[in-house]
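Here is the structure we will look at, set down as structure tokens.
To find a chain, count down the sequence lines: A is the first, B the second, and so on, and within it residues start at 1.
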There are 2 protein chains.
Amino acid sequence: MALKNKSMYAILGILNISPSTGYDIKKYSDNVLSGFWNENFGHIYPTLKMMLEDGMIEIASGEINEKKVRYGITEKGKRELETWLLEDTMQQPVRSEFMLKLLFSSNQPKENVIRMLESYKEIHEKNMEKYLGMLKDLEHGIQEISKERAGFIKAVLRRGILSGEATIRWCNETIEEMQHS
Amino acid sequence: MALKNKSMYAILGILNISPSTGYDIKKYSDNVLSGFWNENFGHIYPTLKMMLEDGMIEIASGEINEKKVRYGITEKGKRELETWLLEDTMQQPVRSEFMLKLLFSSNQPKENVIRMLESYKEIHEKNMEKYLGMLKDLEHGIQEISKERAGFIKAVLRRGILSGEATIRWCNETIEEMQHS
DNA sequence: TGAATTCTATATCACTCTGATATATATGTC
DNA sequence: GACATATATATCAGAGTGATATAGAATTCA
């Protein structure tokens, strides 16, 4: 066990929705999954190759092309995905470079620290706007998504929004404290 | 630029507080930095070797030992740390396996999803307790930490607490929704 | 006192993941 | 027609993870 290729599960989950090319998988990550998941080509293509050899995915019929390959999930792949969904999720390693920097900034001039916090806050405000926009699009049914799945996407977006709010509140609180000390 | 060894900065930051062995660095990560940063031996030791060759750290005097080496930061290391502290922080890649699993769980029985959320909530409740305990210890001044640095550790802990609260609130909200749909 | 267990300390390795770069066609725009 | 952007695949060095191995020091506890 131990070291496992998590991209594999992201790919299985995406192909379980609809057959896709490596490029489509990347786009899905950057759009729908952005905020809590990321993939990059350097990992997608080798993983697809491995999964094809393993029989978890297959080349989708009628789409075979020299320069464009669309993959679909197999029965074996579906079983693999199901097993993973039912497994307990171990906690992942975290690395927030911003928080690390902040912790080591006690000797820095206060203005610098406040500037850091302001720009961090701005990033999270922009994220919030993005999430709120995505939530609106989802509620107005712009895309063709099943009601069930839309509910889950909504839950994930709600998480992003609540986390963002907490982060912005913390930024304000911490800036305030920096100013009065 | 691009791919940079971030462990290096974590190590510089820790050695800037006090000279440490590789083992001490790991302990500091697991205790003080836990929750927003992690290090592992497989990266610490090679990085220390590289940093020693680069002249960013040196072997702390009087502590040379066959089986135990304590490192200290050099002037060059301090400059490197300072430069990093003043740099803008690019956003890091995120990967939450839990959120990925949740998003792909729209075909799962509701009980499974609720169980998932309950156990996720429990983890965050335990984290909250840990942070609150650390905050108490800090306020009662158990360790020998400067007032300045204590303020920064407190800010970091506050972040963990606010994030935790938001997560727990989201878990409750989402469990509720799963039950009434 | 001796045995078992845990803590301190360093090191290595296979594998995962990241970000940059390269290449080439297709489509859209001005 | 020229230029830019989107689609599509591929490779690679380097960063980071987690398991495992080794061994002496300290602690527990019977």
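- For L48(A) and dT9(D), the CG to P distance is 8 Å, given to the nearest whole Å.
- In this structure, the side chain of K154(A) does not engage the main chain of L135(A) through any donor-acceptor pair within 3.5 Å.
- Side-chain atoms of N5(A) lie closest to dC17(C) of the nucleotides dA11(C), dC17(C), dT18(C).
- Residue R70(B) contributes atom CZ, which lies 11 Å from atom C1' of dA9(C) at whole-angstrom precision.
- Rounded to whole angstrom, the span from the OH atom of Y71(A) across to the P atom of dT9(D) amounts to 7 Å.
- In this structure, a donor-acceptor pair under 3.5 Å is present between the side chains of K121(A) and N172(A).
- Side chains of W84(A) and E82(A): a donor-acceptor N/O pair is absent below 3.5 angstrom, by distance only.
- When distances are taken from the side chain of V69(A) to each of dT9(D), dG18(D), dT18(C), the shortest belongs to dT9(D).
- In this structure, OH of Y45(A) is placed 18 Å from P of dA22(C), rounded to the nearest angstrom.
- When the C1' atoms of four end pairs are superposed on the next four at each end of the helix from dT1(C)-dA30(D) to dC30(C)-dG1(D), using five pairs per end, the two resulting axes differ in direction by 40°, to 10°.
- Residue contacts for G22(A): at a heavy-atom cut-off of 4.0 Å it reaches the sugar-phosphate backbone alone, with no base atom in range.
- Y9(A) and K4(A) share a donor-acceptor pair across their side chains, judged by distance under 3.5 Å alone.
- A sub-4.0 Å separation between OP1 or OP2 of dT18(C) and a side-chain N or O of N40(A) is present.
- Under 3.5 Å, the side chains of T21(A) and K68(A) contain no donor-acceptor pair of N or O atoms.
- Residue order along DNA chain D, read from the 5' end via each residue's closest nucleotide, puts M50(B) first among Q92(A) and M50(B).
- Applying the 4.0 Å criterion to OP1 and OP2 of dC17(C), one finds that S7(A) has a side-chain N or O inside that range.
- Atom P of nucleotide dT7(D) and atom OH of Y23(A) are separated by 4 Å, given to the nearest angstrom.
- Candidate nucleotides dC17(C), dG16(D), dA9(C) were compared by shortest atom distance to the side chain of R95(B), and dC17(C) ranks first.
- For K26(B) and dC7(C), the NZ to P distance is 14 Å, given to the nearest whole Å.
- S7(A) and R95(B) are linked by a side-chain donor-acceptor pair at a separation below 3.5 angstrom, with hydrogens and angles left out of the test.
- No side-chain N or O of S119(B) forms a donor-acceptor pair with one of D88(A) less than 3.5 Å apart.
- Rounding to whole angstrom units, NZ of residue K49(A) and C1' of dC15(C) are separated by 17 Å.
- Using a 3.5 Å distance cut-off with no hydrogens or angles, the side chains of T167(B) and R159(A) do pair a donor with an acceptor.
- Residue N38(A) places none of its side-chain N or O atoms closer than 4.0 Å to OP1 or OP2 of dC17(C).
- Contact annotation for K27(A): backbone-only contact, meaning every heavy-atom pair under 4.0 Å involves sugar-phosphate atoms and none involves a base.
- Applying the 4.0 Å criterion to OP1 and OP2 of dT8(C), one finds that T21(B) has every side-chain N and O outside that range.
- The separation between H43(A) atom NE2 and dG14(D) atom P is 18 Å, rounded to whole Å.
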